[in-house]
2 protein chains.
Amino acid sequence: MKVVRNGEAQRAPRSGIARSAGLPSQLPLDSIIRGDCVAALSRLPAASVDLVFADPPYNLQLQGELKRPDDSRVDAVDDAWDKFDSFEAYDAFTRAWLLAVRRVLKPTGTLWVIGSYHNIFRVGSLLQDLDFWILNDIVWRKTNPMPNFRGRRFTNAHETLIWAAREPGAKGYTFNYEALKAANEDVQMRSDWLFPICSGHERLKDETGHKVHPTQKPEALLARVILSASKPGDVVLDPFLGSGTTAAVAKRLGRHFVGIERDSTYADAAQARIDAVEPLPDLALVPAPTAREAPRIAFNALVERGLLAPGTLLTDAKAKVRALVRADGTLSLETAPGLGQIGSIHRAGAIAQGIEACNGWTYWHIATREGLRPIDSLRAVVRSEMAMAAE
Amino acid sequence: MKVVRNGEAQRAPRSGIARSAGLPSQLPLDSIIRGDCVAALSRLPAASVDLVFADPPYNLQLQGELKRPDDSRVDAVDDAWDKFDSFEAYDAFTRAWLLAVRRVLKPTGTLWVIGSYHNIFRVGSLLQDLDFWILNDIVWRKTNPMPNFRGRRFTNAHETLIWAAREPGAKGYTFNYEALKAANEDVQMRSDWLFPICSGHERLKDETGHKVHPTQKPEALLARVILSASKPGDVVLDPFLGSGTTAAVAKRLGRHFVGIERDSTYADAAQARIDAVEPLPDLALVPAPTAREAPRIAFNALVERGLLAPGTLLTDAKAKVRALVRADGTLSLETAPGLGQIGSIHRAGAIAQGIEACNGWTYWHIATREGLRPIDSLRAVVRSEMAMAAE
DNA sequence: TGGACGGGTGAATCCATAA
DNA sequence: CTTATGGATTCACCCGTCC
């Protein structure tokens, strides 16, 4: 383990720039930590981050700066075994920052890593070795990739992102399924995404007109990531902040950010960029209520509120199957199969269909003047009554 | 290393089926070798194969069973051949067959491996460790993937292929750049390919109507691979032949094939399939099949590309109904009926009108200097971007 | 003959919470 | 920890049947 020096004074964040020094403390929210990400991460409180987005270097020239998990330096390689040593060094570097990231992730937090075929296979393997749990691999298809000049390969027109939970079986991670689906013509969002590369006004330039960062990612890509896997107010951390796309988009989308960047030119540019961002109004950000998160209503509540009298007959959508509403909120089947059996609306629906599971709210219907209506419409009445009462 | 037994008699290929026995000899062209691929490969002559296509077990690690929303059971890949005790075991298996493949590859030969996120990162890392040289990673986008039934992840809508040369700096490998470009409307073939999964008549079925192999690949995918990276008369080897797609397509395209398959049921089916294939007479008439991008544009593509800022107000054609564009690409209704409700442009339009369905593209309008314009007019911009990325 | 409709299915690491 | 249960969840395409 790394030895943390004790003597350094804690300093308050100054103009949004936090110092990477001192013992684990509070998260320096909405600021850029300048320094090596493994060291900086080790000073952040454990289990404090909801979402990590990482765009690590894949340039193997970084050897001299690479560190092993035990923080020892990896010697530069210049011999015949260059290649093997390079991959080994890259793996050590990757392992170190992945472990540091895992520590600061909440149990419900998730991690995104982007890369190309030069490095993404190593990242993916190490994620698995370190007992992360891959949720998806995502392909960013570029509308306007760089052509292949030599004509010796396919145009390299995509990059790969890996989305992973902190460990196998992790529950409760954020995935805004319904919003993504609603935004995608009401069909599920797929693992292949299409975006232009970052260019034009979005691309940061220095005074001489040169691009500030060689691999600035498009804001649209980060917006998709952040909107998919976080909620407003969550903490989004980027250990390789670079030009600050993650932080800028997080700020705009009402999330807190923590950025780590070693290069002061990048950090300066990122800070200026972030400062210029205006967060969107809450109205454009509040999460839509989802069916999953809606308060549970017991079927019994319909009976108790008089929306459904005991003795009422319910049927399936085709009026073939019948069941009787009992005073205790259970159903009694009136038709075969299951004639005479008693159970919850869900159990009764399952038995009536001879299947294992059933959503009774949508299966059972009640006769009205306008025809059969699912009892789910009665639940909606109770829910709106409860919402009125809560105000 | 594996010990090759010496005593076994060499046998001539019989009815197209070669015995996997004896010392390295001639390639058993256009036949299926029955047996373990590592052992079989070790008996083939070194540096004799032009192209290897490998569809190894994916090590899916599925837990329980999965059901569709209609309660039907998903027929998962639970075959014994896909089960490994650990990543270490999978890596050892992968390393062994990769080394065996490298030996039979010509110096100019290349290797393709297909996989999913369950295994492809391990394959890619081992390829690098073993000093193969990755030329491209290719994404097979599925037009019709299986949905994510529980709404907990992105639809897993692609698989990944890795194309690699035998070693760094390998010269002279086959890449039919001009033919691919010509077949792709005179633009370079990209690294993202679009094909349907294998179904319908192409899918091999047994007498009882069940699929012969759980993971049969589409012939179009193999045709793209073989046409890209081999010439007529070349030798194409598949160490995990399965249902025989590689061999069938190779034969049809005038290439020699060598297939290795351990399971006799698969090998029998593959042999019958291959026997029924008629080689194409004139290869010049065979362009690489291309597929057109489905022109679906998601509403949030407009938001993501900055054509429509979050917070913008949309109205109906009469400017009576109002809705707010949210950052995630959904709308929030600002007027009754449905005030405060959130949904897709289509759902929101339907709710606002009190009807069941609505085309949001034509219902919702945006204010411009020239007056209200339907948001449909913004789609043209995105369409032209997508056209560039279409295959 | 043709369209409408219902049923089947695909390499899948697919729930949350209370008791 | 395990077990029980409420109840939320699917897209594109092929094929066969029926009217």
Side-chain angles (χ1 to χ4, degrees), chain A residues 108 128 132-137 163-165 168-173 175 177-178 181 184-191 290-300 329 343-350 356-364 375-376 379, chain B residues 55-79 81-84 87 114-120 140 142-160 196-203 205 209-211 213-218 240 242 294 296:
Chain A
T108 57
Q128 293 175 318
F132 284 84
W133 191 244
I134 298 178
L135 297 168
N136 278 112
D137 61 334
W163 182 36
K171 304 285 182 202
Y173 62 86
F175 179 55
Y177 172 79
E178 295 82 2
K181 182 176 173 180
N184 191 43
E185 297 285 288
D186 288 325
V187 293
Q188 298 183 336
M189 191 68 78
R190 298 169 36 122
S191 58
T290 66
R292 280 184 177 84
E293 293 160 352
R296 291 281 169 104
I297 307 287
F299 177 67
N300 205 7
S344 72
I345 54 172
H346 311 296
R347 281 312 309 148
E356 285 192 9
C358 163
N359 182 345
W361 291 108
T362 51
Y363 178 73
W364 294 110
I375 57 175
D376 206 20
R379 182 170 63 164
Chain B
D55 183 9
Y58 286 9
N59 188 22
L60 286 185
Q61 308 170 70
L62 303 178
Q63 309 287 334
E65 69 170 13
L66 178 65
K67 290 192 161 184
R68 299 186 180 83
D70 65 4
D71 210 52
S72 63
R73 200 180 65 85
V74 173
D75 186 15
V77 177
D78 55 359
D79 307 70
W81 51 253
D82 196 49
K83 290 192 172 27
F84 293 83
F87 285 125
I114 185 168
S116 66
Y117 67 83
H118 309 83
N119 71 320
I120 199 66
W140 167 29
K142 303 179 183 183
T143 58
N144 50 349
M146 185 157 76
N148 185 288
F149 296 117
R150 301 301 293 263
R152 298 300 298 151
R153 303 182 177 195
F154 297 93
T155 307
N156 199 351
H158 74 275
E159 294 187 26
T160 301
I197 60 176
C198 180
S199 65
H201 286 115
E202 189 183 322
R203 189 87 195 215
K205 306 277 170 55
H210 292 102
K211 56 192 176 194
H213 194 281
T215 70
Q216 184 178 343
K217 296 294 176 290
F240 306 99
R296 188 200 297 272

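Numbered from 1 within each chain, the chains take letters A, B, ... in sequence-line order. Heavy atoms only: backbone and side chains are in, while hydrogens, waters and symmetry mates are out.
Within the nucleic acid shown, I134(A) comes within 4.0 Å of at least one base atom, counting heavy atoms only. Within 4.0 Å (heavy atoms only), W81(B) reaches at least one base atom of the nucleic acid. Residue-level contact check: E65(B) touches the bases, meaning some heavy atom is under 4.0 Å from a base atom. Across all strands, S344(A) comes closer than 4.0 Å only to sugar-phosphate atoms, never to a base (heavy-atom distances). As judged by a 4.0 angstrom heavy-atom cut-off over every strand, R150(B) is placed among the base-contacting residues. Residue contacts for R73(B): at a heavy-atom cut-off of 4.0 Å it reaches no nucleic acid atom on any strand shown.
Separating the C1' atom of dG6(D) from that of dT13(C) is a span of 25 Å, rounded to the nearest Å. Using atom P as the reference point in both dA11(C) and dC15(D), the two lie 16 Å apart (nearest Å).
Contact annotation: N156(B) does not reach the phosphate of dA12(C) (side-chain N/O to OP1 or OP2, under 4.0 Å).
Across all strands shown, dA16(C) forms a Watson-Crick or G-U wobble pair with dT5(D), both key distances being under 3.5 Å. The partner of dT9(C) is dA12(D), by the rule that a Watson-Crick or G-U pair needs both atom distances under 3.5 Å.
Ring pair W163(A)/Y173(A): centre-to-centre distance below 6.0 Å.
You'll find a donor-acceptor pair under 3.5 Å spanning the side chain of R153(B) and the base of dT13(C), going by distance alone.
Remark: C1' of dA12(C) and CG of N136(A) are 10 Å apart, rounded to the nearest angstrom. Rounded to an integer number of Å, the gap from Q63(B) CD to dT13(C) C1' is 7 Å.
Stacking of the aromatic ring of W133(A) onto the base of dT13(C) is found: the ring centres lie under 5.5 Å apart and the planes are inclined by under 30°.
Of the residues near DNA chain D, A357(A) and F149(B), the one whose nearest nucleotide (by heavy atom distance) lies more toward the 5' end is A357(A).
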